[in-house]
Amino acid sequence: MANRALSSTALAVFISLASSVAAHAAIPQYGTAEIPLTATSSYNGGSGTPNPFDLVLTAQVTSPSGRRYTVDGFYDGDGVGGSIGRIFKFRVYADEVGTWRWTTTSTVAGLGAKSGTFDVSGKLAGFFGAGPIVENPTRPRTFQQQAGGPVFLRAKFLDKAATAPLQYSHTMFAESFTDANRQALLTRHLGMQLNKMNVYVANRGDYGNVSTTPWVGTASSNDKQRFDLKRWQMFDAWVVKMRDAGMVTNLWFFADDSGFGDLPDADRQRLLRYGMARLSGYVNTMFTLALEWQEGWSTTEVNTHSNYLQTWNPWARMIGIHGLTGDFSSVLAPAAWLDYMQLQGGNDASAAVIHTRGLTSRALAAKPLIQEEHGMGYEDKLHRQRTWAAFTAGAAGVGTGSYFVPLATFVSRVRFERMDPADTLITSGNAWCLAEKGVAYVVYAHSGGTVKVDLTTATGTFVAEWFNPRDASTTAAVAATGGGVRSYTAPTSDDWVLYLHK
């Protein structure tokens, strides 16, 4: 649960074969330096012996201030998607301005005892110019950017309001998708002012068998000891596109309904290690071991493989796990490897159940909680109520829901990271409360009506306004003074948000 930092981009640094070379193209801060090296012999990643995906390349990387990292390399065939070649690479998340240095260790002929430098200057353009998403060190149940402010993560991986094939963001890397499909999916999510997309790295059985196969072969017949490098080049390209669009890419290694929990440990760990070596150097990535882990994994297996993930996580990317419907696992919540909790509140649950499960799970550990799944994504009142039920239960983000544009507007105005659930302040009415007591109060009147808010311990005067969660409009209300219980009646019988603030 360490405070997560560091960064990434994707400007390639082309290194000569000399044993000591310097890169001349500067990398922006929070970008990714890609260092390609050429082995003496050629390898066949599709079927050859030895298997190049089991060969080891390690780089010792030193930042300008002297921080040191052990970085795992990876085989990349001919460097442009072909399985046969001599190219190995490692990627460095360059979060510090100045000159970085690296040296390599490998028993592979041509890869060991190499060294070089690259320079970092300027800053990555766009949202990630403030660094990656990390845990807020002063408010550990919330997220922030490494060099920026608080962030409420908004995703919609289940989006039945969309037309096929854009209904499930997990299918972004599916081999049946075209780049036009992928662009349409990203464009739709950006249009909803979302800032996170959940994407599968491997899927066989989920979403009507819309497969994502990282291995050589097809979903039904593949070699799990070897990776399809053309597909991985596509993964790289779209992670960078999402980064440049300001989108967090939450990569989920294993899908439910796919039987991946029955794979040999060596096959699962090969995918984890390769995926981290190849993708964790990008500033916008965070990782989830599995969806609905209980369907194929024991708690021992989850702990074993998640600890393995953290072993190959030099850039401290955030790592989580997603479970079946119900409260988050009280056994896994305190695990040292777990950076954030991912809750499935229930696609058929009421808003009240979503709120209660959020409160219960949030209390399990001082870590961010994402209410990852609580609806199929229809743009209706029930999905909106569930979204706000999660928010007022103190979630650090949501993975499904509706009416996200008004929510994005609201969280941009509110110091939500300073607030905690405070339902006991509602003395009457159908509402939930999030509060920084004495400073600001967010009251979600999920069924309209009259609500009474206990401001007995507060002092001074509070501006009062009704926020419309359907269109982000506001309606002024009578100012409230501390020292007593104050009553407010919603403008209509629909759901409204009462915002009281100094």
Side-chain angles (χ1 to χ4, degrees), residues 139 141-142 152 345 349-363 369 371 374 380-396 398 401-403 406-407 409-502:
R139 299 286 296 180
R141 288 185 171 88
T142 64
F152 185 81
S350 67
V353 168
I354 298 303
H355 187 76
T356 299
R357 285 178 175 159
L359 293 173
T360 301
S361 297
R362 184 180 186 271
L369 171 71
Q371 278 262 24
H374 49 75
D380 59 20
K381 180 178 181 179
L382 176 58
H383 281 72
R384 184 175 67 246
Q385 289 174 319
R386 290 169 175 166
T387 303
W388 283 87
F391 178 68
T392 52
V398 289
S402 68
Y403 287 82
L407 178 63
T409 300
F410 189 77
V411 298
S412 71
R413 297 178 50 200
V414 177
R415 296 304 302 267
F416 62 87
E417 80 283 4
R418 297 181 178 180
M419 298 182 176
D420 293 300
D423 293 344
T424 57
L425 297 179
I426 306 302
T427 63
S428 178
N430 297 313
W432 300 305
C433 183
L434 196 66
E436 182 185 4
K437 293 180 181 179
V439 178
Y441 302 81
V442 174
V443 179
Y444 179 56
H446 51 83
S447 302
T450 298
V451 295
K452 293 184 178 180
V453 186
D454 187 355
L455 300 180
T456 302
T457 61
T459 60
T461 301
F462 295 83
V463 175
E465 56 186 320
W466 287 103
F467 177 86
N468 188 332
R470 293 165 294 285
D471 63 11
S473 62
T474 58
T475 302
V478 176
T481 56
V485 175
R486 306 302 177 222
S487 179
Y488 285 89
T489 300
T492 69
S493 60
D494 219 327
D495 56 321
W496 286 84
V497 181
L498 175 66
Y499 181 35
L500 305 174
H501 56 97
K502 287 291 180 69

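These figures come from a predicted structure and were not determined experimentally. The figures that follow rest on heavy atoms only: side chains count, while hydrogens, waters and symmetry mates do not. Note that the numbering runs from 1 along the sequence shown for the chain.
Distance alone, capped at 3.5 Å, is enough to place a donor-acceptor pair between the Ser402 side chain and the Asp380 backbone. For the pair Arg415 (side chain) and Ala440 (backbone), a donor-acceptor distance under 3.5 Å is absent. A donor-acceptor pair under 3.5 Å is absent between the side-chain atoms of Asn468 and the main chain of Ser473, judged by distance alone. Looking at Ser412, its side chain does come within 3.5 Å of a backbone N or O of Thr409 through a donor-acceptor pair. A side-chain donor-acceptor contact under 3.5 Å links Arg486 to the backbone of Thr481. In this structure, the side chain of Gln371 engages the main chain of Ile354 through a donor-acceptor pair within 3.5 Å.
When side chains are defined from C-beta on, Arg470 counts as touching Tyr403, because their heavy atoms get closer than 4.5 Å. Contact annotation: the side chain of Ser447 never approaches that of Asp495 to less than 4.5 Å [non-hydrogen atoms, C-beta and beyond]. A heavy-atom distance below 4.5 Å is not found between the side chains of Arg384 and Leu407. Between Thr392 and Asp423, every side-chain heavy-atom pair lies at or beyond the 4.5 Å cut-off. Phe410 is listed as a side-chain neighbour of Val442, based on a closest heavy-atom distance under 4.5 Å. The closest side-chain heavy-atom distance from Val453 to Ile426 is below 4.5 Å. Proximity of Val497 to Trp388: side-chain heavy atoms (C-beta onward) are separated by under 4.5 Å at one or more points.
No close placement of the Tyr499 and Phe467 rings is indicated, their centers lying 6.0 Å or farther apart. The six-membered or imidazole ring of Tyr488 lies away from that of Trp496, with a centre-to-centre distance of 6.0 Å or more.
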Evaluate side chain to side chain contact (heavy atoms under 4.5 Å, CB included) for Leu425 paired with Tyr441, printing each intermediate quantity in order.
CA-CA 10 Å; Leu425 297 179; Tyr441 302 81; 3.6 Å; yes

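The heavy-atom pair separating Gly438 from Ala458 by the smallest distance is CA-CB, 4.2 Å. Taking every heavy atom of both residues into account, Ala393 and Pro421 meet most closely at O-CG, 3.3 Å. Ala389 and Ala351 make their closest contact through CB-O, 3.3 Å (heavy atoms, listed as atom of the first residue, atom of the second, distance). Annotation for Val353 and Gly345: closest pair CG1-O, 4.5 Å, computed over non-hydrogen atoms. What you find for His374 and Ala390 is that their closest heavy atoms are NE2-CB, 4.3 Å. For the pair Gly358 and Leu369, the tightest heavy-atom approach, listed with the atom from each and the gap, is O-CD2, 3.6 Å.
The ring-ring contact (aromatic ring centres under 6.0 Å, His included) pairs that include a residue from residues 411-440 are Phe152-Phe416, His355-Trp432, Trp432-His446, where partners are two or more places apart or lie in different chains.
The pair Asp420-Arg141 does not meet the salt-bridge criterion, since no charged nitrogen lies less than 4.0 angstrom from a carboxylate oxygen. A salt bridge is absent between Lys502 and Glu436: the closest approach of a Lys/Arg side-chain nitrogen to an acidic carboxylate oxygen does not fall below 4.0 angstrom. Comment: Asp494 engages Lys381 in a salt bridge, judged by a side-chain N to carboxylate O separation of less than 4.0 angstrom.
Separating the CG atom in Leu500 from the OG1 atom in Thr461 is a distance of 11.5 Å, to the nearest 0.5 Å.
Met419 pairs with exactly one of Val414, Thr142, Val439 by the side-chain contact (heavy atoms from CB on, under 4.5 Å) rule, that one being Val414.
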